Amino acid sequence: MVFSPAMALFAGPASASTCTPTFHLLDLQSPSSPRSFPFLLSKPSPRPTFLCHSSPTKPSPPTPSSAKTESTTPSLSDQLRPLSLTLLKDKDYASSTSHSLPPKPKPTWVNPSKPKPSVLSPHRHRRPTYSLNPDLRHLSLLSRSLRQAPDDPAAFAAALTEAFPHPPSRENALFVLNSLRSWPKALQFFDWLKTHAGESPLDAILYNVTMKSLRAGRQHDLVEHLAQEMIDRGVPLDNVTYSTIITSAKRCSRFDRAVEWFERMYRTGVIPDEVTYSAVLDVYAQLGKREEVMTLYERARAGGWTPDPVAFSVLAKMFGAAGDYDGIQYVLQEMKSLGVKPDLVVYNTLLEAMGKAGKPGLARSLFDEMVAAGLSPNEKTLTALIKIYGKARWNRDALELWERMRSNKWPMDFILYNTLLSMCADLGLEGEAEKLFEDMKRPERGTRPDNWSYTAMINIYGSGGKAEKALELLEEMLETGVEPNIMSYTCLIQCLGKAGRIGDAMRVFETSVERGVIPDDRLCGCLLSLVALCQEGEMEMVLTSLEKANPRLVELIKMLRKEEVSFNEVQEKFRGMLNDATVEARRPFCNCLIDVCRNHGFPSQRANQLLHLGTIYRLYPHLHTKSSDEWLLNLRSLSFGAANTAFEEWIKSLSDSVEKKEVLPQYFSINTGAGTHRFSQGLASAFASRLEKLAAPFRRNEEMSGNFVASREDFISWVQSGAPAVFTAL
DNA sequence: GTAGGGTTAG
């Protein structure tokens, strides 16, 4: 095991105090080493400040056997003592020799009034104060001309020679480097400085600024190259360097590299300050390692750190991404008890998090609190809130907020416009959407509708059954040069299909393929739903299109309609098709296939076979639940055909139980869902009429829409009347 | 943007 000092932050107590640290040079050329992660997954320490939090994540895997945990937990300072006493040196180990052992730890901590050693340096990196540059005007002109110089290396070199007849001072070089706004130029200027900077050697600040430019251009390999150069040349890496490298890795999704540099910091004796630390918290958060984030957070807190709004924003984003409401409450509680006032970004992140955790009411009161605190919402705040109200179908709140936005002249950008349009689609506000859409087109707005805006409009017309208008919008897109994306086509095809215009839908599909759209599972699912919807005579046409997008689905359909095909053959084909599909598409595929079988008179056992397979492959995990007083059939994620198939099977099995005089619960209930989503509307009412036709004793539950309940006695007498035999005999 | 960290869309 290679001991890494940062591991001590996570590992059980024994690893930090009993392992002899062995220092290894970081091999910058080596590929990422995900093998180091399991160590980071070691068991988190007890968390006294976090007792109330129950995260939905499973606990981390057990500690690797090499890092033994003992029953007693030493204090944080004990755990970190070897680290703080052996590593706090100016010298960069890695730059000297790879195997020099650190000196023996000096004894103890003598001054009890001093704070304990921490994982986190309490002091921010100090910035030197610059003398005001007397020649700022000249410099500005200079950097503008360099900014406008051609990118071509030879031409830029000539421009540099002309701009600096004498070697620039360090301050002037820094000013220019900061203002180039192009990473190739910044790098070239930096290299030029190496030979033209006169006496003054390149220091960490110049490296840091160059790295920042490379980071903006997402050139992480070059950032690491510069970092290695610093190590080779003996230029010490400071907190600014590390935070820049770590965020550069993060921006390129090279999280393993970010972690490796963080570990290297401790190994070389640089203790992170809160800027670097919160950058690293975000790295672990984006890796989904929430336990590790909390461990790091608590260790720093135990060392006396009062997190700032940025750190809380990182935590809020993390809990939001996990939909972890308890975590969000924890963040709010921590800020309150520490007296940290949330800033606008923290509010925005928390609102977004509340939305992801499905808490529209709390989002609303948080927004009220924010405004009451005197903060003014920006585009991001409003986008988050509008999205939440739209998803929750909170028409009144959405419209009220919209009114406030207009009367307060709160800022709008095109993302907010598009979010408002999507909200209108969710709420069915056709007229309002049309007004917004026209507003976007006004030249003084500075916002032109893009393909998101058009798609939202197509969606609105689609759910309102206005196929002609939706089709006109596609024409308009093509005319005005707004290239439709796959979502625009999918929504339009869906809309035309629902209107029964299958031929037009297929023509739109052919257009999309001609214009380079590569069908995804969502588009295939849309075509598949058209197979279920269409008339007998139209089926071949739809299958011909679908075959281009997903031949395996078509093979399966052709197999399903043949009487002689066995269950095993179906299963084989179905499994293959499912394996090819994305996880989110699997249940819709199965639902649609059941609808196809039922609507087109396929052999009668097929729908049941597919439902059975869907259950085996866990596409319908909560279909049946039984408690002692109630048995529930949950049809919420099923299509109409699938729901009917499941219902018939359920009744059949319950009838058997009645016949065999098994122990039955007091109630039977069916849940179709309230049908708040515009595509799922109708399952409840369709079911109500089906139950009525069957004279089934299920009654609408007034307290819960989409819920039907029958008592045991009523159910038994219905079964004994022989009524369900109409379909259970099939 | 003034050497470094956190927030917007099927």
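Throughout, protein chains are lettered first and strands after them, A, B, ... in sequence-line order, and every chain is numbered starting at 1. In this text the structure is predicted, and so the values were computed from the model without any measurement.
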- [ ] Measure distances between side-chain N and O atoms of A/Arg181 and base N and O atoms of B/dG1, and say whether any donor-acceptor pair falls under 3.5 Å.
- [x] yes
TODO: Name the nucleic acid region contacted by A/Phe414, choosing base, sugar-phosphate or nothing; use a 4.0 angstrom heavy-atom cut-off, strictly under.
DONE: base
TODO: Quick one: label A/Val209 by what it contacts on the DNA or RNA (base, sugar-phosphate, nothing), any heavy atom closer than 4.0 Å.
DONE: sugar-phosphate
TODO: Report yes if a donor N or O on one partner sits less than 3.5 Å from an acceptor N or O on the other, where the partners are the side chain of A/Thr349 and the base of B/dG6; otherwise report no.
DONE: no
Task: Options B/dG6, B/dG4, B/dA9, nucleotide nearest the side-chain atoms of A/Thr419 - done: B/dA9
TODO: Could you tell me whether A/Arg254 and A/Glu224 have a side-chain N and a carboxylate O separated by less than 4.0 Å?
DONE: no
Open item on the list: For a quick test of reading the model: is some side-chain N or O of A/Arg215 closer than 4.0 Å to OP1 or OP2 of B/dG5?
Closed with: yes
Task: Per A/Val345 side chain, nearest of listed nucleotides B/dG4, B/dG5, B/dT7 - done: B/dT7
- [ ] Measure from the side chain of A/Arg522, starting at C-beta and using heavy atoms only, and say which of B/dA9, B/dG1, B/dG10 lies closest.
- [x] B/dG10
Task: C1' gap between B/dG5 and B/dA9, integer Å - done: 25 Å
- [ ] Establish, with yes or no, whether the OP1 or OP2 oxygen of B/dG4 is under 4.0 angstrom from a side-chain nitrogen or oxygen of A/Lys212.
- [x] yes
- [ ] Return the value, rounded to whole Å, for the distance between atom CG of A/Asn172 and atom P of B/dA3.
- [x] 14 Å
Open item on the list: Taking the P atom in each of B/dG6 and B/dT2, what is the distance between them to the nearest angstrom?
Closed with: 14 Å
- [ ] State plainly whether the residues A/Glu483 and A/Arg515 are in salt-bridge range, i.e. N to O under 4.0 Å.
- [x] yes
TODO: Remember a base hit wins even if backbone is also touched, and classify A/Thr241 as base, sugar-phosphate or nothing at under 4.0 Å, heavy atoms.
DONE: nothing
Task: Carboxylate-amine/guanidinium proximity below 4.0 Å for A/Glu229 and A/Lys194 - done: yes
Open item on the list: Without decimals, in angstroms, what is the distance between A/Leu416 CG and B/dT7 P?
Closed with: 19 Å
Open item on the list: Check this for me, if you would: do A/Lys435 and A/Glu432 make a salt bridge, where the nitrogen-to-carboxylate-oxygen distance has to be below 4.0 angstrom?
Closed with: yes
Open item on the list: On the side chain of A/Asp308, is there an atom forming a donor-acceptor pair with the base of B/dG6 - under 3.5 Å, no angle test?
Closed with: no
Task: Rounded distance in Å - CG (A/Asn378) to P (B/dG6) - done: 16 Å
TODO: Please confirm whether any donor atom in the side chain of A/Asp413 sits under 3.5 Å from an acceptor in the base of B/dT8, or the reverse.
DONE: yes
TODO: Ignoring hydrogens and angles, answer whether the base of B/dG4 and the side-chain atoms of A/Asp238 contain a donor-acceptor pair closer than 3.5 Å.
DONE: no
Task: Same-atom distance (P) from B/dG4 to B/dG10, integer angstrom - done: 32 Å
Open item on the list: At 4.0 Å (heavy atoms only), tell me whether A/Ser278 reaches a base, stays on the sugar-phosphate, or touches nothing.
Closed with: base
- [ ] Confirm from the modelled atom types if A/Asn485 and B/dG10 form a donor-acceptor pair under 3.5 Å, side chain to base only.
- [x] yes
Open item on the list: At 4.0 Å (heavy atoms only), tell me whether A/Val346 reaches a base, stays on the sugar-phosphate, or touches nothing.
Closed with: base
- [ ] Just call it for A/Ser179: base, sugar-phosphate, or nothing, with non-hydrogen atoms closer than 4.0 Å on any strand.
- [x] nothing
- [ ] Could you check whether A/Arg124 gets within reach of a base, just the sugar-phosphate, or nothing at all, counting any heavy atom under 4.0 Å?
- [x] base
Open item on the list: OP1 or OP2 of B/dG6 versus the side-chain N and O atoms of A/Lys250: is any pair under 4.0 Å?
Closed with: yes
Open item on the list: Does A/Arg144, at its CZ atom, have more than 12 non-hydrogen atoms belonging to other residues, nucleotides or ligands within less than 6.0 Å?
Closed with: no
Task: d(NZ, A/Lys391; P, B/dG10) in whole Å - done: 5 Å
Task: Value in whole Å for how far the C1' atom of B/dT2 lies from CG of A/Asn178 - done: 5 Å
Task: Options B/dT7, B/dA9, B/dA3, nucleotide nearest the side-chain atoms of A/Lys380 - done: B/dT7
Task: Rounded interatomic separation in angstrom, taking CG from A/Leu436 and C1' from B/dA9 - done: 15 Å
TODO: Look at all strands and tell whether A/Lys317 reaches a base, only sugar-phosphate, or nothing, counting heavy atoms closer than 4.0 Å.
DONE: sugar-phosphate
Open item on the list: One thing to verify: whether A/Glu260 and A/Arg264 come together as a salt bridge, which I'm taking to mean a side-chain N less than 4.0 angstrom from a carboxylate O.
Closed with: no
Open item on the list: Does this structure show an ion pair linking A/Arg124 with A/Asp308, if we count only N-O contacts that are shorter than 4.0 Å?
Closed with: yes
